[in-house]
Amino acid sequence: MNSSLRADHAHAAVFPDAKGRYGAFGGRYVPETLVPALDRLQEGIDRHLLSAAFQAEFAYELKTWVGRPTALSFAPTLSKRWGAEVWLKREDLAHTGAHKINNAVGQTLLAKRLGAKRIIAETGAGQHGVASAAAAARLGMPCVVYMGAVDVERQAPNVGRMQLLGATVVPVTGGDKTLRAAIDEALRDWVSDPDGTYYSLGSAVGPHPYPYLVRELQSVIGREARAQMLEQAGALPDVAIACVGGGSNAIGLFHPFLDDAAVGLLGVEAGGRGAGLGDNAASLTLGSPGVLQGSYTLILQDAFGQVQETHSVSAGLDYSGVGPEHSYLLKSGRVAYESATDDEALDALMECAKYEGILPAIETAHAIFGARRYAGAHPGARILICCSGRGDKDMPILQRTVLKDLQHS
Ligand SMILES: *Cc1c(COP(=O)(O)O)cnc(C)c1O
């Protein structure tokens, strides 16, 4: 596995640069108090991440506990319906039901090597909290998860899952009481004990070196998918498509394909209710450059630079910023970004569930809609979709939306 890791790394040698920049984006916009902790994390990454010992341990946990490699499934009915050749990379089959576990296991292993005594994490909808709690339990570390008080209310089943996995869930009552406030609170905790505590961040966002670290840990998705396409389809895809919240499943899928000039890359953001400020979470397609949580990237802000509230039917995409590498890949033209609305995503979710026997997460459904739209414009295209997670967690919202309509029709 290390040869493919190295090949991937040929590109990573260019970005980020020594200052954590992807072109103009990225960097590290943090209070002085955070700098020593981030420096220590960077040193730890330099020492361990690419070492044979760390990579062997990571590969072992991914194989025997997470269940990797995840399958690549041909989608015969979607292929027929769309007039394309559709392949699904099945991150929904990974332990705890989404790609987030890859990052959580990798960071927890790193935390142990750095001598940390406890793991802290933030969570919005609860998926990264569950993955972090599971990884910490597996590797014998105590875990504290910060979660906005509003999210604690509306994601009660995931709070229970984290508690059963042995984690302490701390509701955050300050700020916006959702994901942004939870990240701020986790950073505060980390600053107070940077040696004993490891902060496991859940997406490819935040100050350098997090976007780089998360990308490296999630690139297992694209490395596997690339090899599986060659083996099962006999060719690379014409396009690889993923949904984009903070951007971790997308960068993990895209990165190993960046040097394959013939492979198009397409990210799909949450278009929510429409293009108005506050009605979506489409920071790449509708945002402008600014600083959010330690990183210079495209964000949703008003004319005064005030960060805006976002809306999406999908909690996992509901964030006003995006990982800085995506901002760079958009400006460089290597990756195209579009959005799918709430209704479009829910429609694609129903189609995938009914015709392929796979209930995807609502986040994932944005990518599936993007793929259907792409097929419409490119008949016969060979399309790879990252099925980032399963939809069981979304049953409460599906009950209130598409199932209600089904029952009344
Ligand atoms: C959290 C989540 C996402 C969005 O996060 P990214 O960092 O953009 O990948 C997408 N899909 C699922 C299933 C998730 O749980």
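Just follow the structure's listing: the first ligand is 1, and inside any ligand the first atom is 1.
Ligand 1 has a nitrogen or oxygen under 3.5 angstrom from a nitrogen or oxygen of Gly246. In terms of polar-atom proximity, Ser248 is counted as a contact of ligand 1, with an N or O under 3.5 Å from an N or O of the ligand. The distance criterion of under 3.5 Å between nitrogen or oxygen atoms is not met by Glu363 with respect to ligand 1. For ligand 1, the polar-atom distance check against Cys243 finds no nitrogen or oxygen pair separated by under 3.5 Å. The shortest N or O to N or O distance between Ala361 and ligand 1 is not below 3.5 Å. Considering backbone and side-chain N/O atoms, His99 comes within less than 3.5 Å of an N/O atom of ligand 1. Below 3.5 Å of separation, one finds no N or O of Gln127 facing any N or O of ligand 1.
Atoms of ligand 1 found under 4.0 Å from any heavy atom of Gly389, numbered from 1 in the order shown, are 13 (C). Atoms of ligand 1 lying under 4.0 Å from at least one heavy atom of Gly245, given by number and element, are 8 (O). Taking a cut-off of under 4.0 Å to the non-hydrogen atoms of Gly247, the atoms of ligand 1 that pass are 6 (P), 7 (O), 8 (O).
Summarising the local packing, CD of Glu153 is surrounded by 12 or fewer heavy atoms from other residues, nucleotides or ligands at distances under 6.0 Å.
Shortest contact from atom 4 (C) of ligand 1 to any protein heavy atom: Gly316 O, 3.4 Å. Scanning all protein heavy atoms for the shortest distance to atom 14 (C) of ligand 1 gives Lys100 NZ, 2.9 Å.
Summarising the geometry of Ala240 relative to Leu253, their closest heavy-atom pair is CB-CD2, 3.9 Å, with the distance given to 0.1 Å.
Note on ring orientation: taking the six-membered ring where Trp is involved, the planes of Tyr212 and His208 are tilted (angle from 30° to 60°). Using bins of under 30°, 30° to 60° and over 60° for the plane-to-plane angle, the ring pair Tyr296/Tyr29 lands in the tilted bin.
Remark: of the listed residues Arg90, Glu224, Arg226, Gln228, Gln228 is the sole one forming a side chain to side chain contact (heavy atoms under 4.5 Å, CB included) with Leu72. Results of the side chain to side chain contact (heavy atoms under 4.5 Å, CB included) test with Glu61 over Val66, Leu109, Asn102, Thr108 single out Leu109 as the only residue that passes.
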Under the side-chain contact (heavy atoms from CB on, under 4.5 Å) criterion, do Tyr198 and Arg118 qualify, and how do the steps go? CA-CA 6 Å; Tyr198 182 93; Arg118 68 197 268 268; over 6 Å; no

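Remark: the Asn158 side chain and the Gln127 side chain contain an N/O donor-acceptor pair separated by less than 3.5 Å.
Among Cys386, Ser388, Gly124, the residue whose heavy atom lies closest to atom 12 (C) of ligand 1 is Ser388.
With Phe54 as the aromatic partner, Arg113 does not meet the cation-pi criteria of under 6.0 angstrom to the ring centre and within 45 degrees of the ring axis.
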